[in-house]
**Student:** 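Sharing a structure here in structure tokens format.
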There are 2 protein chains.
Amino acid sequence: MGKKARSSPRREESLSRDRIIEASIELLDSSGESGLTFRALSDRLATGPGAIYWHIVNKSDLLAAACDAVVARTMNETVVTTPEATIQAVALGLFDVIDEHPWVGSALTSSPGLSPIVRILECIGQQIRALGVPDEQQWASVGALMAYILGVSSQNAANGQLARTRGLDRSDFLEAVSTAWSQLDPREYPFARSVAGQIRDHDDRMDFLAGIDLILSGIKSSRGR
Amino acid sequence: MGKKARSSPRREESLSRDRIIEASIELLDSSGESGLTFRALSDRLATGPGAIYWHIVNKSDLLAAACDAVVARTMNETVVTTPEATIQAVALGLFDVIDEHPWVGSALTSSPGLSPIVRILECIGQQIRALGVPDEQQWASVGALMAYILGVSSQNAANGQLARTRGLDRSDFLEAVSTAWSQLDPREYPFARSVAGQIRDHDDRMDFLAGIDLILSGIKSSRGR
DNA sequence: ACCTGAACACCGTTCAAGT
DNA sequence: ACCTGAACACCGTTCAAGT
């Protein structure tokens, strides 16, 4: 129970941008967005807070870099087959990374460096092209898919975090939302009340894929004009 | 040039939750998310930082309340006509509020109180029902539309903020993104390069509406199974 | 019941000083 | 060239004390 019995292992390698980013990801995963602190980070890296600034410009740069690293890893893992299957695969891949690393969701939207966004756009864009979507419609199609993928994934991850904050697991959380919605004023919220039941026992990933198919079918049906 | 010549007008009314939320919105609009501070807020309200805690539980509650107030205002302004037109109207309404109040975008995603989300879901859900979408597809349809609307609007607002940070107007910013993309490695980023030209002179709001139509056509085409 | 404002335990960031 | 760690100017939040 010694005051501070060498909590972190003695530093073996010298500091580097990559080692800092790697440690940041671990910190973000274990303690969330608010857990990434220059003090916590320098503790883990067995150095002082000032040292980090030699390799990283500031906190938002650090967050963007961590985000890019995680996204790049996922994009590289995606196997390219048919356009539809590839889009589904990359969508599910992103859904799962964001679920595993909830901080990626919010970091992506406000990402000052655009690189992770461009990575995703490129991959989806190539498939949209392969589908034979005419030039003028490519931008809107890719935009719709990306907004959907990132939007739903972020919301899903935010729900998961919110649930965790309240000490519930996912199904307890959905249960709570479901009953809250079913108690809304039926005059003002008829629709929310009517879908309250559906929300309880649905599969987030399946619904997510159903939405992708919906958008893909919209893209294909308006392809011939 | 007196040290501090009564910067804020003397308080006339007593403090209240509504007055605090109103002042928070002004502060968020004028100085962004980082401008909302208990000290800045209490200055503007001519009181001490502790007083605010009598009416508000904490900062995230305050942000959620400000967000809800702005969203509720927009939703109430939307005129209901045909389902398609109503969905377009509410989508454009949200696009514009989020453009005007960029902080709403990020606050909506991580909103711990779900009320603004439910407001939007209810409005869109009623239109989806009116379109005759079968029960099992309603959830996915509404989810796709909401994710698209909030996703694109938030991204658009984030771009605007990013541009402002760098002291550029919107078209200068798009110009910069366009040239950055056109300089990407053609082997790795063929698609991004090819759409780089399109990004320069496009109308964000028009593209946004095109995406809505795309999703609506997907919803309608899969409606009969 | 409502407000005050000092105090606490944090932040990100800087920078003289070291090696 | 790279690292150290004290110091600065902030935060959100609490709470004894006032009215």
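Every value quoted in this text rests on a predicted model; they were computed, and no experiment measured them. Letters go in sequence order (proteins before strands), and every chain restarts at 1.
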**Student:** In whole angstrom, what separates B:Asp43's CG from D:dC10's P?
**Tutor:**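 Between P of D:dC10 and CG of B:Asp43: 12 Å.
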**Student:** More 5' along DNA chain D: A:Pro49 or B:Arg39, using each one's nearest nucleotide?
**Tutor:**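 The residue closer to the strand's 5' end, by nearest nucleotide, is A:Pro49.
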**Student:** In whole angstrom, give the distance that lies between atom CD1 of B:Ile52 and atom P of D:dG12.
**Tutor:**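 To the nearest whole Å, that distance equals 10 Å.
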**Student:** Quickly work out the B:Asn58 CG to D:dT13 C1' distance and round it to whole Å.
**Tutor:**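 These atoms are roughly 9 Å apart.
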**Student:** Using whole Å, report how far CD1 of B:Ile20 lies from C1' of C:dC3.
**Tutor:**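 In whole Å, C:dC3 C1' and B:Ile20 CD1 are 11 Å from each other.
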**Student:** Charged N to carboxylate O under 4.0 angstrom, B:Arg170 versus B:Asp99?
**Tutor:**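 Counted as a salt bridge, because a side-chain N and a carboxylate O are separated by less than 4.0 Å.
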**Student:** Looking at the rings of A:Tyr148 and B:Tyr148, which for Trp means the six-membered one, are their centres under 6.0 Å apart?
**Tutor:**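 No; B:Tyr148 has its ring centre 6.0 Å or more from that of A:Tyr148.
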**Student:** Between A:Asp96 and A:Arg205, does any side-chain N to carboxylate O distance fall below 4.0 Å?
**Tutor:**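 A salt bridge links A:Asp96 with A:Arg205.
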**Student:** OP1 or OP2 of C:dC2 versus the side-chain N and O atoms of B:Trp54: is any pair under 4.0 Å?
**Tutor:**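 For B:Trp54, the contact criterion (side-chain N or O under 4.0 Å from OP1 or OP2 of C:dC2) is met.
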**Student:** Using the side-chain heavy atoms of A:Leu15, tell me which of these nucleotides is nearest: D:dC11, D:dG5, D:dC3.
**Tutor:**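 Nucleotide nearest to A:Leu15's side chain: D:dC3.
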**Student:** Taking Watson-Crick and G-U wobble pairs with both distances under 3.5 Å, convert DNA chain C into its dot-bracket string, 5' to 3', dots for unpaired and | for cross-strand pairs.
**Tutor:** ||.|||||...|||||.||
**Student:** I'd like to know if B:Arg17 pairs up with B:Asp61 as an ion pair, taking the criterion as any Lys NZ or Arg NE/NH1/NH2 lying under 4.0 Å from an Asp or Glu carboxylate oxygen.
**Tutor:**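 Between B:Asp61 and B:Arg17 there is a salt bridge, with a charged N closer than 4.0 Å to a carboxylate O.
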**Student:** To the nearest Å, give me how far apart CZ (B:Phe38) and C1' (D:dT14) are.
**Tutor:**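 Those two atoms, CZ and C1', are 12 Å apart.
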**Student:** In whole Å, what is the span from the CD1 atom of A:Ile56 to the C1' atom of D:dC2?
**Tutor:**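 Going from CD1 in A:Ile56 over to C1' in D:dC2 covers 14 Å.
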**Student:** Does this structure show an ion pair linking B:Asp169 with B:Arg164, if we count only N-O contacts that are shorter than 4.0 Å?
**Tutor:**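 No, no charged N to carboxylate O under 4.0 Å.
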**Student:** Would A:Val90 and A:Ile120 count as a side chain to side chain contact (heavy atoms under 4.5 Å, CB included) here? Give the steps.
**Tutor:** CA-CA 8 Å; A:Val90 74; A:Ile120 301 168; 5.5 Å; no
**Student:** With heavy atoms under 4.0 Å as the rule, sort A:Leu36 into base, sugar-phosphate or nothing.
**Tutor:**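 Contact class for A:Leu36: sugar-phosphate only.
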**Student:** Over how many whole Å does the gap from A:Asp61 atom CG to C:dT13 atom C1' extend?
**Tutor:**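 One finds 14 Å between C1' of C:dT13 and CG of A:Asp61, rounded.
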**Student:** Rounded to the Å, how far apart are B:Leu41 CG and C:dG5 P?
**Tutor:**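 To the nearest whole Å, that distance equals 16 Å.
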**Student:** Determine the interplanar angle of the B:His202 and A:Trp139 rings, folded into 0 to 90°, and report it as parallel if under 30°, tilted if 30 to 60°, perpendicular if over 60°.
**Tutor:**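 Taking A:Trp139 first and then B:His202, their aromatic rings stand perpendicular (interplane angle over 60°).
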